[in-house]
Amino acid sequence: MIIAQTVQELRQALASSQRPAFVPTMGNLHEGHLQLVRRARAQGDRTVASIFVNRLQFLPHEDFNSYPRTLEADAAKLVAEGCDVLFAPRESDLYPEPQTVKVHADPALADLLEGEFRPGFFTGVSTVVMKLFMSVFAGKAQGVAVFGKKDYQQFMVVQQLIRQFVLPVELLGVETCRAEDGLALSSRNRYLSETERAEAVQLSLALRMLGRDALASANALSQQLPDLEARAMEGLRQRGWQPDYLTVRRRHDLQLPQAGDALVVLGAARLGSTRLIDNLEI
Ligand code: PAF
């Protein structure tokens, strides 16, 4: 596996590739990331992963400094998966000057849910994704980008970015990888204490129950939803969580649903100092 630190090195490593398949990550790779790499391998002529903890998508009080950085172990895992190129830029390689030009995702999508509780998050994500895409895909007729659907809203923001900027990128979404008890895998799970880890699955259980209740209320969905959501949040609060949102939305734009819409249940909640997110298409 070639490890490229600069955009120039990356482009050299991909010079003969017609169709790179790319998995962007912030590192601390777990089975969920490795599944994305496996899917990518089947899609392109070269498999590229990136590891970059992107300061632009963290709020000042968030975990940018403590975010786990495990480059050596990550590189070994990527080698074992047959990844061809790892792009692991330093901050000064990707942001050699202050990033004053940014990509602002559509507020109708990006200011909801995650965007409401993490203002600026999707500007940070969209900006770095655009930069990573330009680094990997510039000059290629077509490439593939593989994203996990655990970050459901992020996936939709990236989908819109690709579509509206006519980027030569096919986007592939991969289902959330879960631990045996159902907890969605996340690099942030490593912040959980043993007791918190045992409790953590309750977020996905609460989403499942909320989804079931929403489906049961069928035609009266929009009237009943506020109560159902409030009850689901209260249930988690009683168990010691601090929920940001547990909500049922229509899949195609994450707006409030009407009867007959295809639905997704999404949630974000803090357990101790760890903020977890999850979702479920129903
Ligand atoms: O999902 C992530 O790990 C990050 O948001 C991404 C897409 C790598 C951008 O920093």
Side-chain angles (χ1 to χ4, degrees), residues 4 7 10 20-37 39-40 47-59 62-71 73-75 77-78 83 85-91 93-95 99 102-105 109-110 113-115 117-137 143-162 165 167 169-177 184-191 266 268 274-279:
V7 174
L10 173 69
F22 176 44
V23 182
T25 83
M26 297 206 300
N28 193 238
L29 303 183
H30 51 65
E31 180 56 27
H33 295 112
L34 301 181
Q35 277 193 7
L36 304 185
V37 173
R39 290 296 294 276
T47 307
V48 192
S50 66
I51 294 181
F52 182 69
V53 185
N54 173 40
R55 188 190 291 275
L56 286 191
Q57 69 191 71
F58 288 79
L59 286 168
E62 292 184 335
D63 55 344
F64 173 75
N65 287 323
S66 56
Y67 198 87
R69 288 161 173 86
T70 50
L71 186 59
D74 291 345
K77 289 177 187 170
L78 291 170
C83 182
V85 181
L86 167 59
F87 181 41
R90 291 164 302 196
E91 206 167 24
D93 294 310
L94 212 56
Y95 297 124
Q99 187 69 31
K102 294 189 177 136
V103 179
H104 294 282
L109 176 63
L113 307 174
E114 284 305 282
F117 289 91
R118 304 181 72 191
F121 173 67
F122 287 115
T123 299
V125 168
S126 304
T127 302
V128 81
V129 165
M130 183 63 124
K131 258 185 124 135
L132 291 167
F133 280 2
M134 294 313 289
S135 307
V136 172
F137 297 118
V144 183
V146 185
F147 280 70
K149 283 172 71 177
K150 182 175 88 73
D151 298 290
Y152 200 87
Q153 195 177 1
Q154 169 174 280
F155 180 82
M156 293 179 70
V157 165
V158 172
Q159 197 170 42
Q160 213 175 32
L161 178 87
I162 291 173
F165 283 105
L167 302 179
V169 181
E170 280 168 37
L171 182 63
L172 181 68
V174 176
E175 292 310 317
T176 303
C177 187
L185 296 193
S186 160
S187 301
R188 290 189 167 103
N189 292 352
R190 65 147 53 193
Y191 300 148
L266 305 112
T274 308
R275 186 173 184 277
L276 299 176
I277 64 170
D278 200 352
N279 69 79

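We count ligands from 1, going down the list as the structure has it; atoms in each ligand are counted the same way. Because the structure is predicted, anything quoted here is derived from the model rather than measured. The chain is numbered in sequence order, starting from 1.
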**OP:** Sequence neighbours left out, what passes ring-ring contact (aromatic ring centres under 6.0 Å, His included) with Phe64? Give chain and number order.
**Re:**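 For Phe64 the ring-ring contact (aromatic ring centres under 6.0 Å, His included) partners, ignoring immediate neighbours, are Phe58.
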Subject >> Sidechain N-carboxylate O distance under 4.0 Å for Arg39, Glu175 >> reply: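 Salt bridge between Arg39 and Glu175, a charged N being under 4.0 Å from a carboxylate O: no.
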Find all protein N or O atoms under 3.5 angstrom from an N or O atom of ligand 1 and list the pairs with distances, or write 'none'.
| unit_1 | atom_1 | unit_2 | atom_2 | d |
| --- | --- | --- | --- | --- |
| ligand 1 | 1 (O) | Gln154 | NE2 | 2.8 |
| ligand 1 | 5 (O) | Gln57 | NE2 | 2.9 |
| ligand 1 | 5 (O) | Gln154 | OE1 | 2.7 |
| ligand 1 | 10 (O) | Gln57 | OE1 | 2.7 |

Original post:
Is there a donor in the side chain of Asn54 and an acceptor in the side chain of Tyr67, or the other way round, less than 3.5 Å apart?
Top reply: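 Result is no, nothing qualifies.
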Original post:
Under the 3.5 angstrom rule, does the side chain of Asp93 hit a backbone N or O of Ala88 as a donor-acceptor pair?
Top reply: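 No; judged by distance alone, with no hydrogens or angles, the pair does not exist.
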Subject >> Atom pair OG1/CG of Thr25 and Leu36 - distance to nearest 0.5 Å >> reply: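 Thr25 OG1 to Leu36 CG: 9.0 Å, rounded to 0.5 Å.
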**OP:** Please say which of Arg55, Arg188, Arg69 ends up in a salt bridge (Lys or Arg N to Asp or Glu O under 4.0 Å) with Asp63.
**Re:**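 Testing Asp63 for a salt bridge (Lys or Arg N to Asp or Glu O under 4.0 Å) against Arg55, Arg188, Arg69 leaves exactly one candidate, Arg188.
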